[in-house]
Amino acid sequence: MTEWEKVIDDVAGVISKAVGTQVLSTELMTPPQDELGDLAFPCFSIAKEWKKNPSEIAFALAGKINHDLSAVGVIQSVKGEGPYLNILLKAGVLSSRILKNVEDRGPLFGQSDVGDGRELMLEYAQPNTHKELHVGHLRNLVLGLSLHRILTAIGWKVVPVSYHGDVGAHVAKCVWLLEEEGGLDAIPESYRTGKVLGEMYSRATTRLEERPELKDLVSEVQQKLEAGDPHLTALWEETRSWSIREMDEVFEELGVEIERRYFESEVTEPGNRIVDELVESGIATQSEGALIVDLEEKKLGVFLVRKSDGTSLYATKDLALAKLKFAEYPDIERSLHVVDTRQAYYFKQLFEVFTLMGFEKPLEFIGYDFVTLATGAMSSRKGNIVTYQDFRDEMLTHVLNETVKRHPDWDQDRIQKTAHTILLAGVKFGMLKQSREKMYTFDPVKTLSFEGETGPYVQYAVTRLASILQKASADASAPSNSDSISETELQLLDHPSEKQLVITIAKFPLIVKRAGENMEPAELAQWCIDMAHRVNGFYRDVKVLDAPKAERSAKLRLVASAQRVLLSGLYLLGIPAPKEM
RNA sequence: GCGGCCGUAGCUCAGCUGGAUAGAGCGCUUCCCUGCGAAGGAAGAGGUCGGACGUUCAAAUCGUCCCGGUCGCACCA
């Protein structure tokens, strides 16, 4: 139980005593405005029981409780306001309980043991080789990274894995055009990058749009590749490594850490064998020349597992992939897939096929809605894809300018480091702050703005706190933390803004837990905004450095705790914070 | 046609699994840096929570039915 839950429990206990029957802590709520109180107890249900007016009950309870408030309790006073019993907490008592808890737990504050150390696999990074990396992939990477960290924080042992399409039609297109344009020799050493391949892929796509008769040539390349043609295979291996290198760079920049990378090329053969088995066991049948699994009984249509030309497809490989995962990691108790929600139906079918096969493993689909542009969805056909590289470069230039503007005296290195951190916050926070089930409309102008509810806004709150701490420690007259003072000094915190800040800190562990259980980093992002808002309110109302010695020491401890917890929140979103900005 | 998701201020979204006069940010109109950092703060205008029934002391929240948008429904991944 978190300290905040204990506080609520204590309050529920006091109310229970006054009411005469057990009042659950879940019956308490937060009033809509700070001024009303810190907690509230709606009196409707007991009013119904007692057949009395809820307002009268609230008033009566308030009188009863206020009458024998013990001096040591966390409750300052209670008040009946309409049908609600509003509870005002003692800022000092509350602060000392919560902040001591934060200080004792240190970096562990916010963590819980929901997962109980059990193992869980999280598949989330699925960019293909030989294709451009675009802002759509970004949402997946950012979401996955955050889920990785949040699930770890609530006690799961997370195995993060990625899955990449390194074979198939898109690869053939790319390799085909490369051959057309003179092969490897036509590309200078320094141009051998994933980005160039992505461009080549889109060029190939447009060319095929214009001249459909070329499709046969591409399919020829694909067949040769699958047959193991030495020349083309060498070309494939070489270009594949460019893409992988590019992914390495992007992953590194974003902080994405993957324990095991799966490739389609390694599950193609095993997948085909599984399809053979499905045919033998009668689960898969012939239909229109292809092999399908009929799922009509479950109202899931038909599931294609092999094309009529005998080649494999996504489904073929996914069958083998799931088995491979559990073979390699026999201890995993859940296997999660963070995938574009447009594939929800497909995954339902896939999971159903596993059930038919008797492969009953806890597979879960974590869908998120896709990234679109204000002008419509991105597609290679429309040629309106915003690539990761272009977007990143534009953002970085912008952030660099803004940083230079604010700090003309900084050297290059300092500017670069800070700007990069802000860049990551802007991009990631923007993608995480709304729930994953909602479409993310990518607006470059808006993404460039760092005012209001943005990642940099949260970072800014952190640096303000850091600045106070830094000035305090530089100050020679900094108070020594003698134990006798530290025991009681936190009681000196009594400003409403201090209390609100403490309450927001106190809620952090619960928020993390909920975000993890709901697989929804947005809930944590919302908390970060709330926290930053409270920090700014505190900053406005409370002067730390000018305060008398004991108060100042207490306030500094609040500042330190607030900073640490807010940093933890950002960390769980995958967002670093600068020391200064 | 069937199914999933969504519909809250001009725009982008919160709303803690049913509670008080529905909240932020952006944009708009004002104001605040000799102050612990203005990437900040304060104030104002702006709403029949898509619609209708129902459950309930209480519905943006739960249920049913409509309407609108979006995505998916066999040889792409």
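Below, chain A is the first sequence line, B the second, and so on; all start at residue 1.
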Margin query: Once you apply a heavy-atom cut-off of 4.0 Å, does H407(A) come out as touching a base, just sugar-phosphate, or nothing?
Written below: base
Checklist line | F429(A) CZ to A14(B) P, straight-line distance once rounded to whole Å | finding: 12 Å
Next item on the list: Using a heavy-atom cut-off of under 4.0 Å over every strand shown, decide if T454(A) touches base, sugar-phosphate, or nothing.
Entry: nothing
Next item on the list: Assign P83(A) to base, sugar-phosphate, or nothing according to its heavy-atom contacts below 4.0 angstrom with the strands shown.
Entry: nothing
Checklist line | Pair S25(A), D9(A): side-chain N/O donor-acceptor within cut-off below 3.5 Å | finding: yes
Check: With nearest nucleotides of RNA chain B determined for I292(A) and F41(A) from heavy-atom distances, which residue corresponds to the more 5′ nucleotide?
Finding: F41(A)
Next item on the list: To the nearest Å, give me how far apart CD (Q349(A)) and C1' (A74(B)) are.
Entry: 9 Å
Item checked: Given RNA chain B, 5'-ward residue of the pair Y539(A) and N128(A), judged by closest heavy atom -> Y539(A)
Check: OP1 or OP2 of C13(B) less than 4.0 angstrom from a side-chain nitrogen or oxygen of Q434(A), does that happen here?
Finding: yes
Check: Is there a Watson-Crick or G-U wobble partner for C73(B) with both distances under 3.5 Å, and which nucleotide is it?
Finding: G1(B)
Next item on the list: May I ask which nucleotide in the shown strands pairs with G46(B), Watson-Crick or G-U wobble, both distances under 3.5 Å?
Entry: none
Item checked: Proximal nucleotide (of U21(B), A20(B), A38(B)) relative to the R464(A) side chain -> A38(B)
Next item on the list: In plain terms, say whether R306(A) and D276(A) are close enough for a salt bridge, that is, a side-chain N and a carboxylate O under 4.0 Å apart.
Entry: yes
Check: Quick one: F450(A) CZ to G25(B) P, roughly how many Å, whole number?
Finding: 18 Å
Notebook entry, point to check: Using a distance-only test with no angle check, is there a side-chain donor-acceptor pair under 3.5 angstrom linking T418(A) and E580(A)?
Noted result: no
Check: Less than 6.0 Å separating the ring centroids of F263(A) and H164(A)?
Finding: yes
Using the 3.5 Å cut-off, write out each protein N or O paired with an N or O of nucleotides 56-59 of chain B and the distance between them.
unit_1, atom_1, unit_2, atom_2, d
C57(B), OP1, K48(A), NZ, 3.0

Next item on the list: Would you mind reading off the distance between D340(A) atom CG and C73(B) atom P, rounded to a whole angstrom?
Entry: 12 Å
Notebook entry, point to check: Has the side chain of S287(A) got a donor or acceptor atom sitting under 3.5 Å from an opposite partner on the base of A74(B)?
Noted result: yes
Next item on the list: Report yes or no: is the cationic atom of R342(A) (NZ for Lys, CZ for Arg) closer than 6.0 Å to the six-membered ring centre of F370(A), at no more than 45° off its axis?
Entry: yes
Item checked: Out of A39(B), U21(B), A77(B), whichever nucleotide has its closest atom nearest the side chain of E264(A) -> A77(B)
Item checked: Distance below 4.0 Å between S435(A) side-chain N/O and A14(B) OP1 or OP2 -> yes
Notebook entry, point to check: Can you find an N or O donor on one side and an acceptor on the other, under 3.5 Å apart, linking the side chain of N86(A) with the base of A20(B)?
Noted result: yes
Checklist line | Opposite nucleotide pairing with G10(B), Watson-Crick or G-U, both atom distances under 3.5 Å | finding: C26(B)
Notebook entry, point to check: Is it true that K405(A) and E402(A) have a side-chain N and a carboxylate O under 4.0 angstrom from each other?
Noted result: yes
Next item on the list: Determine the contact category for L313(A): base if any of its heavy atoms lies under 4.0 Å from a base atom, sugar-phosphate if only primed atoms, P, OP1 or OP2 are that close, otherwise nothing.
Entry: sugar-phosphate
Check: Strictly by modelled atom types, are D166(A) and T129(A) linked by a side-chain donor-acceptor pair under 3.5 Å?
Finding: no
Check: With a 4.0 Å cut-off on heavy atoms, is E580(A) in touch with a base, just the backbone sugar-phosphate, or nothing at all?
Finding: base
Notebook entry, point to check: Where the side chain of V302(A) is concerned, which of A20(B), A74(B), A39(B) is the nearest nucleotide?
Noted result: A74(B)
Collect all protein-nucleotide pairs involving nucleotides 2-10 of chain B in which both atoms are nitrogen or oxygen and the distance is under 3.5 Å.
unit_1, atom_1, unit_2, atom_2, d
C5(B), O2', E437(A), O, 3.4

Next item on the list: Might you point out which heavy atoms bring K433(A) and A522(A) nearest each other, and give the distance in Å?
Entry: O-CB, 3.7 Å
Next item on the list: Classify the ring geometry between Y346(A) and F303(A) as parallel (under 30°), tilted (30 to 60°) or perpendicular (over 60°).
Entry: tilted
Next item on the list: Test for a donor-acceptor pair under 3.5 Å between the base of A74(B) and the side chain of E288(A), counting only N and O atoms.
Entry: yes
Checklist line | Under 4.0 Å protein heavy-atom contacts per nucleotide of nucleotides 43-50 of chain B, with B for base, S for backbone only and - for none | finding: --------
